[in-house]
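By convention in this document, chain letters (A, B, ...) are assigned in the order of the sequence lines, proteins followed by strands, and residues within each chain are numbered from 1.
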Amino acid sequence: MKTKQISNLAVLRFLSLGLALMLATGVRAQATEKQRVRLSANYTKVMNGPVYLDLQATARIDNSNVDVAGIELEVYYERDGEEMALGTVNTNESGKAHFEMESLKAIKPDSTGLYTLGAAFGGNDAFRAASRTVSFRDAAISAKLETRDSVSYVNATLSDAAADSLIADALIRVQVVRLFRPLRISEEFLSTDSDGAISVEVPTDIPGKDGLLQLQVVIADNDDYGTVIAALDAPIGTPFVEDTTYFERTLWGPRGRTPLFIVLFTGVLIVGSWGVIVYLIRNLFKIAKNKP
Amino acid sequence: MSRFEQLIQDLGPRKFSLKGKLWMALLIVISVAGIAAYVDQLIRGQEVTNMRDYVLWGFYISNFVFFVATSFVAAIVVAVLRLTNNEWRRPFVRLAEIVAVACIIMAGITIMIDMARPDRILNLFVHARLQSPITWDVIIIPTFMAVSILLLYFPMLPDLAILRDHYRDKHPRLSKIYGIFALKWQWTKQQLRLQQKSIQIVVLLIIPLGLILESIDAYLFSTTYRVGWDSSNFAPYFISGAMVSGLGTLVALVYVVRKNKKLENYITDYHFEKIGRLLVLALMIYIYFNINEYLVPLFTSKEAESEHLNTLLVGDYAVPFWLVTIGGLVLPALLLLFKRLRKPRPMFYISLLVVLGSYWKRYLIVTPTLLHPYLPIQGVPESWRHYFPSLHEWAITGATLAMALLIITLLVRYVPVISIDRLAEEEGLEEAKHKEAAA
């Protein structure tokens with residue numbers, strides 16, 4: 001019985017040792033295994049402004065998504081199976097990178113008018129190489145403000161620049177730029193009509209500095225055209241009435257606006273105290289000069 | 001030896017004994033270590049402290065508050081005792097004046113230590129906002145410092161002249177130094193008149209200045225909208241707390257000086273009995289303010305305040321809080337009610353409890369509040385949610401305390417701790433010069 005117990009113990013020890021070795025080897029193997037980087041790319045065009053690519057690098061580590069910071073991404077465009085380099089960007093602490101070009105003139109589409117932009121990571125000790133491309137056609141939004149019967153409207157037309165045709169049934173929205181996120185003023189699912197056009201009434205009660213509103217007409221994350229933004233300044237908002245005590249003499253105002261009672265009280269105290277101190281020091285001099 | 005000579009021998013400068021030298025060496029070592037730590041803090045920035053975004057006032061500020069409180073009370077005690085002309089005041093006034101000067105100097109230095117960029121100190125004046133209690137503090141501290149020095153200096157003039165004359169033949173160099181500070185004092189009518197008038201003015205001036213100083217110190221806290229500080233009670237609460245720390249420090253110092261200079265005949269049990277009563281009164285008043293400060297919020301507090309109170313009463317800071325409250329306040333007050341404990345030695349130990357309690361009380365006022373902001377602490381490392389002083393903070397704060405003690409020790413070494421001139425006059429000694437001047 002005792003011999004059997006000893007034998008079982010020996011087997012158990014052997015198995016434990018084996019398991020420990022396997023685990024140790026596994027851990028080491030895992031430590032040296034390179035992780036896969038996932039890249040995402042979003043193309044945006046601002047009418048009469050730049051076009052840019054927003055890139056995001058993440059990796060799946062220990063069952064959670066981790067931002068991959070500080071890696072270099074090479075940005076290029078493809079044409080007829082050939083890759084042409086445009087430049088490089090590095091991801092920031094959040095794994096994000098932003099690549100901007102003055103306009104689409106810097107790159108060329110293929111024969112069908114399709115542009116392809118890409119970003120590639122060459123790999124390093126920790127991560128394997130990865131790349132991502134995004135293809136889009138060049139769309140244009142022409143937007144203008146019109147006033148009819150004292151009501152303001154944003155009228156916009158969406159067109160395909162390469163095909164020189166209007167784009168119908170595309171989801172589009174009209175919004176006002178605000179501090180934290182834009183304020184949508186168009187209905188939720190607004191589409192362009194058969195002429196690629198929309199018309200949206202602008203409410204008159206939206207506040208803006210000096211009554212100026214920054215309107216935007218946007219097609220967002222469109223499968224064919226990416227994101228296109230047309231900006232429009234419209235002096236049709238309600239001007240802010242600034243309710244501030246900044247220019248009054250308050251306890252919380254700038255130093256030039258100190259309440260007078262504090263200036264007077266502090267002044268009297270300073271002059272009074274230091275006046276007496278000077279008088280006392282003068283007494284010390286008089287004591288020193290006095291002769292019997 | 002004449003009685004006058006005896007007085008000079010007893011109260012005048014005396015060389016350091018071996019114990020005194022060791023004491024000085026210890027203070028110098030602590031000061032040098034603190035200076036080295038401060039230089040490192042200057043080079044590396046306040047990263048070396050454990051103060052972060054939330055606890056942005058820590059050990060330095062509680063140390064500063066302690067110095068201000070002690071200086072204020074020492075000066076007030078002098079002023080009140082001089083104005084009321086209490087006969088038992090004599091052994092305390094000079095030492096209190098010394099404590100006031102040492103502590104206000106170190107308070108000024110401590111607040112500069114707390115600044116991350118002391119090279120920008122001029123900005124405090126150039127860009128001062130008179131609405132800010134910080135600016136009031138910047139104004140009042142140098143003012144109080146100047147008046148405290150004058151409060152020490154004016155009454156000391158005749159004693160410096162006595163020492164100048166005494167050492168004329170024995171130690172001409174020492175005599176010359178005393179002579180410089182004695183300002184050619186000759187007990188002339190005019191000099192005495194100017195001196196008495198100046199003392200009267202300084203004494204009258206330092207009381208409102210002291211109250212302003214301590215109140216501003218309280219406003220630094222109470223004008224910020226924070227749990228535990230946002231109290232209209234804070235200035236009197238600070239003033240009563242200062243009475244406790246200042247009197248405790250004074251009692252401890254008087255005992256040490258009495259023992260080391262063998263002044264039992266000058267500072268008697270009677271004097272301790274009198275100041276003991278004053279201390280017990282101060283303790284009682286402070287206990288009363290503490291009850292107000294914690295009991296009322298306990299009933300009325302909102303959630304954030306309740307959390308802060310819980311931290312103090314039963315939470316992370318419960319042990320120091322109750323040690324300070326019971327050990328540093330209630331117990332000393334109860335003990336000092338017994339006459340036989342208002343004797344020098346028991347009072348010394350009790351006053352040590354009081355001083356330690358007062359010191360940590362400041363820490364408890366400053367730190368727990370900062371750890372309980374109204375908006376939740378989010379997105380910061382776990383270590384920022386707690387605070388305990390770093391080694392640099394301990395070293396630098398230790399050095400400021402050592403420097404204060406160094407100033408006190410040096411002044412006690414070279415300056416009569418009780419006025420020889422006044423004693424000689426009161427005892428009607430031939431050498432007293434006041435009579436000649438009056439004649």
Can we call the ring centroids of A/Y52 and A/Y43 under 6.0 Å apart?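 Ring-ring flag for A/Y52/A/Y43: false, centres at least 6.0 Å apart.
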
Using the benzene-type ring in the case of Trp, are the ring centres of B/F72 and B/F144 under 6.0 Å apart?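 Distance test on ring centres: not under 6.0 Å, no.
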
Contact origin within [X] toward chain B - heavy atom pairs under 4.5 Å:
X      : result
A/T258 : both
A/L284 : both
A/F285 : neither

Between B/Q186 and chain A, which part of the residue has a heavy atom less than 4.5 Å away: side chain, backbone, both or neither?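 When you check distances to chain A, only side chain atoms of B/Q186 fall under 4.5 Å.
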
Chain A contact via B/I201 - side chain, backbone, both or neither, heavy atoms under 4.5 Å: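 Interface part for B/I201: side chain.
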
Pick whichever of A/G256, A/S273, A/P259, A/G253 has the most heavy-atom pairs under 4.5 Å with chain B.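 Of the options given, most contacts go to A/G253.
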
Determine the option with the most heavy-atom pairs under 4.5 angstrom with chain B, choosing from A/I270, A/L280, A/N283.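 Max contact count across the listed options: A/L280.
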
Salt bridge flag under 4.0 Å for residues B/E97 and B/R82: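 The answer is yes: the pair qualifies as a salt bridge.
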
Inspect the surroundings of CZ in B/F4 and state if more than 12 heavy atoms from other residues, nucleotides or ligands are less than 6.0 Å away.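 Yes, because the 6.0 Å sphere around CZ of B/F4 holds more than 12 heavy atoms from other groups.
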
Taking the six-membered ring for Trp, are B/F234 and B/F238 parallel (under 30°), tilted (30 to 60°) or perpendicular (over 60°)?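 Rings of B/F234 and B/F238: tilted, as their planes differ by 30° to 60°.
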
